[in-house]
Amino acid sequence: TPYLLKEKETMDNKVIIEITPTGWTKKVVIGEKEYTENWKLTYLGGENKGDSLEEVEELTEELWEALNSDDPYEIARALGKENSNG
């Protein structure tokens with residue numbers, strides 16, 4: 001079915017969010033490329049010790065906004081559209 005083909009095409013696109021007592025990591029995988037924000041807790045919030053996803057030109061505006069919202073539904077929808085945009 002067409003849906004299964006689309007699912008297979010986007011299977012490599014994913015977002016992995018890991019939260020620990022010392023901070024959190026947000027990893028974005030689009031095809032064979034991987035980008036990671038690695039946040040460490042500070043007294044006032046967090047400090048990014050990794051990539052800045054906002055500055056990654058390969059990520060669409062829609063995916064960046066979804067990642068920034070932390071809404072799993074929006075992230076999943078935006079990931080599904082990545083192959084058609086890149």
Side-chain angles (χ1 to χ4, degrees):
T1 63
Y3 178 75
L4 291 177
L5 290 175
K6 182 172 175 128
E7 183 178 325
K8 184 176 181 179
E9 288 173 3
T10 61
M11 198 165 55
D12 292 333
N13 299 346
K14 60 185 166 185
V15 173
I16 302 163
I17 300 172
E18 180 181 9
I19 302 168
T20 68
T22 60
W24 62 98
T25 301
K26 191 179 293 184
K27 182 187 299 185
V28 179
V29 179
I30 305 295
E32 295 180 9
K33 296 182 180 181
E34 186 175 297
Y35 311 96
T36 304
E37 282 187 341
N38 187 13
W39 292 86
K40 297 297 179 192
L41 288 181
T42 66
Y43 180 73
L44 298 175
E47 181 179 3
N48 185 7
K49 299 290 189 177
D51 299 325
S52 173
L53 296 179
E54 186 175 15
E55 296 175 9
V56 176
E57 291 182 18
E58 291 83 1
L59 300 183
T60 62
E61 180 80 17
E62 184 175 1
L63 180 55
W64 162 245
E65 288 176 7
L67 289 166
N68 203 35
S69 76
D70 290 324
D71 181 344
Y73 175 79
E74 293 299 325
I75 294 170
R77 287 181 45 91
L79 279 173
K81 295 179 181 179
E82 279 299 300
N83 278 354
S84 62
N85 292 325

Atom [atom1] of [X] and atom [atom2] of [Y]: how far apart are they, to the nearest 0.5 Å?
X: E58; Y: T60; atom1: CD; atom2: OG1; value: 11.5 Å
X: I75; Y: N68; atom1: CD1; atom2: CG; value: 9.5 Å
X: K33; Y: N13; atom1: NZ; atom2: CG; value: 12.0 Å
X: E65; Y: D71; atom1: CD; atom2: CG; value: 12.5 Å
X: L79; Y: L67; atom1: CG; atom2: CG; value: 7.0 Å
X: K27; Y: N38; atom1: NZ; atom2: CG; value: 10.0 Å

Please test E37 against T25 for side-chain contact (heavy atoms from CB on, under 4.5 Å), starting from the C-alpha separation and ending with a verdict. CA-CA 6 Å; E37 282 187 341; T25 301; over 6 Å; no

Would you say V15 ends up clustered with I19 if hydrophobic residues are merged whenever their side chains have heavy atoms under 4.5 Å apart, either directly or through other cluster members?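 Yes; V15 is reachable from I19 via cluster members.
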
Under a 4.5 Å side-chain heavy-atom rule over Ile, Leu, Val, Met, Phe, Trp and Tyr, are I30 and I17 clustered together?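 The answer is yes; both residues are in one hydrophobic cluster.
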
Going by the ring pair (Phe, Tyr, Trp, His ring centres under 6.0 Å) test, which pairs reach into residues 12-70, not counting sequence neighbours?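 Found W24-W39.
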
T36-D51 side chain donor-acceptor pair, cut-off 3.5 Å: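 Not at all, the side chains of T36 and D51 share no donor-acceptor pair under 3.5 Å.
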
Give me the atom names and distance for the closest heavy-atom approach of S52 to N48.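 In this case the closest contact between S52 and N48 is CA-ND2, 3.9 Å.
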
Verify side-chain contact (heavy atoms from CB on, under 4.5 Å) between L59 and E54, making sure each step is shown before the conclusion. CA-CA 8 Å; L59 300 183; E54 186 175 15; over 6 Å; no

